[in-house]
Student: 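Take a look at the following structure, please.
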Protein chains: 2
Amino acid sequence: MAVTMHDVARRAGVSIKTVSNVVNDYPHVRAETRRRVQEAIDSLGYRLNTTARNLRQGRTGMIGLALPELSLPYFAELADSVMRAAEERGVVVLLEQTGAQRERELQALDSPQRRLTDGLLFSPLALEPEETDRLEVDYPMVLLGERMFGPVDHVTMANVEASRAATLHLVERGCRRIAVIGAHPGETMGSARLRFDGYRRALAEAGLPFDPDLVAEAGLWHRSTGAAAMTRLLDAGTVMDGVFGMNDALALGALHVLHSRGVPVPQDVAVIGFDDIDDARYSEPLLSSVAPGREQIARTAVDMLLERIEGSTVEPRRVVASFEIVARESSLLGRRAH
Amino acid sequence: MAVTMHDVARRAGVSIKTVSNVVNDYPHVRAETRRRVQEAIDSLGYRLNTTARNLRQGRTGMIGLALPELSLPYFAELADSVMRAAEERGVVVLLEQTGAQRERELQALDSPQRRLTDGLLFSPLALEPEETDRLEVDYPMVLLGERMFGPVDHVTMANVEASRAATLHLVERGCRRIAVIGAHPGETMGSARLRFDGYRRALAEAGLPFDPDLVAEAGLWHRSTGAAAMTRLLDAGTVMDGVFGMNDALALGALHVLHSRGVPVPQDVAVIGFDDIDDARYSEPLLSSVAPGREQIARTAVDMLLERIEGSTVEPRRVVASFEIVARESSLLGRRAH
DNA sequence: CTGTTAGCGCCTTCAT
DNA sequence: ATGAAGGCGCTAACAG
């Protein structure tokens, strides 16, 4: 049924090894031989059997990507970036969703898929920082995100720095009372905590007072929770001239509410989000955001994982991606001076 | 390095075949033998080498899922459903994005990944209906969506029927002038055409006139385009008491605009979308929608593909999933009688 | 109920 | 620059 190297070899009048050499671009093959083999390959419609190669080489050519949920825009876009980066490196990505549930995150570390992949890019959201020992696995792994750190390579965004920069961006636009949406009180690491820290640091640097009334919690970082938080702020009569949404979904929800209530954005209230998801380019007004270096994160993570797969045993590394403030309409106009 | 069946066999004092039988839940194994083998497996930490099994069986245990983009909510949720359905059947899904570009859709049909999968679930969005001959591939395939039909199994949603039902749902709520958002003039098949047909059919059945002024185009089915379309309708002074968004993103965009302009929903204008994506459960007001049977589509498609992989040669089948109207706040209240 | 044999298709020695 | 042999880890087929 399937055409094998043997068939090609017979057809081209060479040995199987020569066919293998041609297929794998081995340099020392005479041009004429190569041509004959190539011709046989084309005429027979031969295609390499990846499974056999994998068995022989003890590799699968696939890497796993375990993330919370594809329906969260940031992760859908991250998956996209990782798949592209992997393609450039000649490997294939096997996606797994954990639903941000602790049990399923643990399962992902030990699922049957692990036998199918050479390594894992793991983005936990539910595992507790105390459980880092679970990350001591016997296959190559690179950690994504800031939920936890362990004795493995880690690629993360500059949460604190970037939040600080986002907040300072609003300050530069003239904002003096900046609300922050998405806080998770009590969290000791994780994005919510880090981004909140960045916000406070910026206030301190700018010499602005911290006002707890300007902090709005939001458990899930969805549009709806962002809208609800904004509504609470407005209904409480909180005076503000800027809003920092800890992610774009929250910021978009807030934007929606401001718009509905007739608050001019950015004239009366400037808004900035975080993640720079695609939707930020389609809102009214366009949403300013922090581009957290998703592409860089994806590339770096894939490269690091491949190095581990190649056998590198250097100390676990930590890479922090560089970010960028993307100023769009929601924070763009000059604001009233105080 | 790796523990093999041989190691387990030696440890348990049985032959390799017996180990294989235990691993594969072959029934005729004595309980005592099974126990001994299992013990050896556990103590050695043995894990089946899937690649070797695949090579032997001539299968990979993976199916491909080629879809436009994960960042489109419907497809993210479809991918989720397919991955779950596949897991229940013991196969793994290899995802590929085509970016809704014709070239990349063609590539997906012939990518190196095809050697890694036993079959393909293919959801084209850019290929032209005339190009059905491209679908004559030499591996098992099941087509998803309504962009085109070919000589292969096909799973689709009841676009016409469901749109008709959505429109009639608004009619039952008392709507008499129902706008439709998302039209693609000139399209001969594809979702936009089919859903538009359902809309017109419903109007005809309800004895309502068709008014071209109530039809709003939207090329990309995003929130932003839905909002823009709604804005155009309102600015043109079009009188309406209902809106049918051809997908939820469009409807959510429209909802946003109505809300901003102070039009009470559903009191003055009732709104319904299509796809029942997760976001519909988080809008203000909650968005009514058509649940197109995503789970059923996923299960059916996976099952059909697996049957083909098993070697079934029955005539190509076409399955239409059953849908459901999900009435939420945006269309729920009784409307003024005329 | 369990063992033996013979590959699946490829790549890595080692020759030539 | 090319060929021959062996085996990656597993399972199908057949014995026993």
Side-chain angles (χ1 to χ4, degrees), chain A residues 1-41 44-62 90 112 114-118 139 309 311, chain B residues 1-41 44-62 90 112 114-118 309-311:
Chain A
M1 180 72 220
V3 182
T4 77
M5 276 192 177
H6 278 108
D7 303 324
V8 176
R10 199 175 311 124
R11 170 71 157 252
V14 299
S15 89
I16 178 178
K17 170 61 174 152
T18 304
V19 178
S20 173
N21 285 342
V22 170
V23 169
N24 293 289
D25 282 322
Y26 184 70
H28 307 299
V29 180
R30 245 190 319 179
E32 162 59 11
T33 310
R34 183 183 298 277
R35 200 195 50 68
R36 274 221 321 284
V37 170
Q38 192 56 54
E39 199 174 281
I41 288 176
L44 291 173
Y46 167 77
R47 306 191 56 186
L48 179 70
N49 181 325
T50 323
T51 306
R53 166 191 276 181
N54 290 343
L55 175 60
R56 180 61 238 238
Q57 301 191 332
R59 294 248 190 108
T60 68
M62 295 196 281
R114 291 289 70 71
R115 288 299 315 219
L116 278 171
T117 59
D118 299 328
Y139 49 81
I309 291 170
Chain B
M1 180 71 219
V3 183
T4 77
M5 277 192 177
H6 278 107
D7 303 324
V8 176
R10 199 174 313 123
R11 171 71 157 251
V14 297
S15 89
I16 179 179
K17 173 59 176 154
T18 303
V19 178
S20 174
N21 285 342
V22 170
V23 168
N24 292 289
D25 281 324
Y26 183 70
H28 307 299
V29 179
R30 242 191 322 179
E32 162 59 14
T33 310
R34 182 181 298 276
R35 200 193 52 69
R36 274 220 322 283
V37 171
Q38 191 56 53
E39 199 174 280
I41 288 176
L44 292 173
Y46 167 76
R47 305 191 55 186
L48 179 70
N49 183 325
T50 323
T51 306
R53 166 191 276 180
N54 290 343
L55 174 60
R56 180 62 241 234
Q57 299 191 333
R59 294 248 192 106
T60 68
M62 295 196 281
R114 292 287 71 70
R115 287 297 315 217
L116 278 172
T117 58
D118 298 327
I309 291 170
E310 298 293 344

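In what follows, chains carry the letters A, B, and so on, assigned in the order in which the sequence lines appear, proteins first and then strands, with residues in each chain numbered from 1.
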Student: What heavy-atom pair brings B:Arg34 and B:Tyr26 nearest, and what distance separates the two atoms?
Tutor: NH2-O, 3.1 Å
Student: Using side-chain heavy atoms (C-beta onward) and a distance below 4.5 Å, is B:Leu48 in contact with A:Arg115?
Tutor: no
Student: Please find the earliest and latest nucleotides of DNA chain D, in the 5' to 3' direction, that have an atom within less than 4.0 Å of any heavy atom of chain A.
Tutor: D:dA1 to D:dG9
Student: Which ones in residues 12-21 of chain B lie close to DNA chain D, meaning a heavy atom under 4.0 Å from one of its atoms?
Tutor: B:Ile16, B:Lys17, B:Ser20
Student: Show the nearest heavy-atom pair for residues B:Ala40 and B:Arg11, with the distance to one decimal.
Tutor: CB-CG, 3.6 Å
Student: Rounded to the nearest 0.5 Å, what's the gap from NE2 on B:His6 to OG on B:Ser15? Could you check?
Tutor: 9.0 Å
Student: Say you draw a straight line from CD of A:Glu39 to CG of A:Leu44; how long is it, rounded to the nearest 0.5 Å?
Tutor: 10.5 Å
Student: Give me the atom names and distance for the closest heavy-atom approach of A:Thr4 to A:Tyr46.
Tutor: C-CE1, 3.6 Å
Student: Minimum heavy-atom separation for A:Met62 and B:Met62, please, with both atom names.
Tutor: CE-CE, 3.4 Å
Student: Looking at B:Thr117 and B:Thr60, what are the two nearest heavy atoms and their distance?
Tutor: CA-OG1, 3.5 Å
Student: Between A:Glu32 and A:Arg35 (salt bridge meaning N to carboxylate O under 4.0 Å), is one present in this structure?
Tutor: yes
Student: What residues in residues 48-60 of chain A put a non-hydrogen atom under 4.0 Å from any atom of DNA chain D?
Tutor: A:Leu55, A:Arg56
Student: Can you confirm whether B:Arg36 sits close enough to B:Thr18 that some side-chain heavy atom of one is under 4.5 Å from a side-chain heavy atom of the other?
Tutor: no
